[in-house]
> 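Here you go, one structure.
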Amino acid sequence: MTRSVIAARSRGLLGAVLLAHLLGACGSLAAAPGTTRGRVTETLSLRVDLAASRVGLTAHERAGDGRSQRTELRARDGRLALRADGGDTLVIEALDLALKDLKIEREALPPDGLHLTDLALHLPESAAAAATWSLDDGAATAVVTADLELHWALLGPDDDFVPLAPQRITVELGVALFTDRAGAVTARLTATRAGAFLTPAGVYELGDLALDLVAAAN
């Protein structure tokens with residue numbers, strides 16, 4: 001092998017090393033602390049905006065007239081935790097959402113209506129999704145399929161409290177992450193599940209879940 005060939009290969013190898021170094025440097029600059037991406041390189045905990053968040057589902061009577069009613073649940077507390085992992089991965093590390101009671105009167109769903117209490121949605125395992133970041137790392141979007149765990153109990157016609165086993169509901173989670181004008185990192189998380197997925201007391205079917213959460217951290 002001639003000296004000129006060796007020199008050329010050495011220059012090529014040195015160029016590759018320098019390019020890798022520069023790309024690594026650019027990656028670190030892209031995740032600057034002031035950007036949205038930089039602020040979630042470590043786990044960031046966001047509080048759910050209760051007034052701006054919604055949970056909707058359909059309750060369907062399995063017997064009798066087979067009536068259905070679309071209803072909306074209100075959140076009473078909630079937390080979301082996110083982290084930007086290496087590369088373009090966005091990790092949803094935690095989601096805990098406590099909900100107010102679901103109560104449907106007997107006129108809407110005879111014969112006894114429906115009253116669910118101690119309602120809470122929980123992400124039992126972290127979910128990692130491939131994220132698409134804006135060029136300035138100010139915003140990202142991601143979609144991933146994950147399981148949510150529902151904790152709940154049933155109140156009977158005579159106020160009998162009946163704990164129900166936790167249920168896992170497979171949903172499609174979508175996340176939009178950005179920094180708002182006030183400087184708060186804000187996430188909008190949506191989850192959908194079409195069709196019936198629960199049958200409390202074997203009398204009703206619950207389905208068509210639509211979750212829309214807004215959470216922020218200063």
Side-chain angles (χ1 to χ4, degrees), residues 11-56 72-99 120-149 169-194 209-218:
R11 288 194 297 271
L13 178 60
L14 178 60
V17 171
L18 288 173
L19 179 60
H21 176 75
L22 288 173
L23 289 174
C26 290
S28 62
L29 289 175
T35 63
T36 302
R37 189 172 186 169
R39 295 172 69 183
V40 294
T41 53
E42 295 183 357
T43 302
L44 183 67
S45 183
L46 302 91
R47 298 300 303 180
V48 172
D49 183 336
L50 303 183
S53 300
R54 300 286 184 272
V55 181
E72 183 177 291
L73 287 74
R74 294 283 184 174
R76 56 183 178 84
D77 194 15
R79 169 184 171 269
L80 175 67
L82 299 171
R83 174 173 53 87
D85 207 344
D88 292 323
T89 302
L90 186 64
V91 182
I92 307 170
E93 291 196 339
L95 171 61
D96 294 288
L97 185 66
L99 300 168
L121 284 170
H122 168 67
L123 183 69
E125 301 173 356
S126 62
T132 301
W133 286 91
S134 60
L135 292 177
D136 62 357
D137 281 344
T141 57
V143 178
V144 63
T145 299
D147 286 340
L148 292 180
E149 194 170 76
I169 306 169
T170 301
V171 298
E172 183 176 82
L173 286 176
V175 182
L177 185 66
F178 59 95
T179 299
D180 66 16
R181 293 181 179 179
V185 176
T186 302
R188 182 171 185 178
L189 184 144
T190 59
T192 57
R193 168 66 184 267
L209 177 69
L211 179 71
D212 190 351
L213 302 181
V214 177
N218 293 318

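By convention here, the first residue in the shown sequence is residue 1.
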> Restricting to non-hydrogen atoms, name the atom on Pro124 and the atom on His122 that form the minimum distance, rounded to 0.1 Å.
CD-O, 3.2 Å
> Evaluate the criterion salt bridge (charged side-chain N to carboxylate O under 4.0 Å, His left out) for residue pair Arg37 and Asp88; output intermediate values, then yes/no.
CA-CA 10 Å; Arg37 189 172 186 169; Asp88 292 323; 3.0 Å; yes
> Is the shortest heavy-atom distance from the side chain of Leu213 to the side chain of Leu80 under 4.5 Å?
no
> Show the nearest heavy-atom pair for residues Asp77 and Leu50, with the distance to one decimal.
N-CD2, 3.7 Å
> What I want to check is whether the side chains of Thr141 and Thr132 have a donor and an acceptor closer together than 3.5 Å.
no
> So Thr145 and Leu173, side-chain contact (heavy atoms from CB on, under 4.5 Å) or not? Walk me through it.
CA-CA 6 Å; Thr145 299; Leu173 286 176; over 6 Å; no
> If you measure from CZ on Arg83 to CG on Leu44, what distance do you get to the nearest 0.5 Å?
12.0 Å
> Can you name the closest pair of heavy atoms from Ala216 and Ala184 and give their distance?
CB-CB, 4.4 Å
> Tell me, with the steps shown, if Leu82 and Ile92 meet side-chain contact (heavy atoms from CB on, under 4.5 Å).
CA-CA 5 Å; Leu82 299 171; Ile92 307 170; 3.8 Å; yes
> Is the side chain of Ser134 donor-acceptor paired with the backbone N or O of Ala139 at a distance under 3.5 Å, no angle test?
yes
> Do other residues, nucleotides or ligands put more than 12 heavy atoms under 6.0 Å from the CD atom of Glu42?
no
> Identify the heavy atoms of Val175 and Leu189 that sit nearest to each other, and give their distance.
CG2-CD1, 4.1 Å
> Roughly how far, to the nearest 0.5 Å, is CG of Leu177 from OG1 of Thr186?
8.0 Å
> Quick one: does Val55's side chain get under 4.5 Å of Leu99's, heavy atoms only?
yes
> Given the rule in the side-chain contact (heavy atoms from CB on, under 4.5 Å) test, do Leu148 and Leu97 qualify, once you have shown the distances and angles that lead to the verdict?
CA-CA 10 Å; Leu148 292 180; Leu97 185 66; over 6 Å; no
> Closest heavy-atom contact between Val143 and Glu172?
CG1-CG, 3.6 Å
> For a quick test of reading the model, state the closest non-hydrogen atom pair linking Ala215 to Leu46 and the distance between them.
O-CD2, 3.6 Å
> Got a donor-acceptor contact below 3.5 angstrom from the Arg79 side chain to the Arg47 backbone?
no
> State the CG-CG distance between Leu211 and Leu73, to the nearest 0.5 angstrom.
10.0 Å
> Got a sec: does the CZ of Arg188 have more than 12 other heavy atoms crowding it under 6.0 Å?
no
> Between Arg54 and Arg74, does the side-chain contact (heavy atoms from CB on, under 4.5 Å) criterion hold? Intermediate values first, please.
CA-CA 6 Å; Arg54 300 286 184 272; Arg74 294 283 184 174; 3.0 Å; yes
> Do any N or O atoms from the side chain of Ser126 and from the backbone of Glu93 form a donor-acceptor pair under 3.5 angstrom?
no
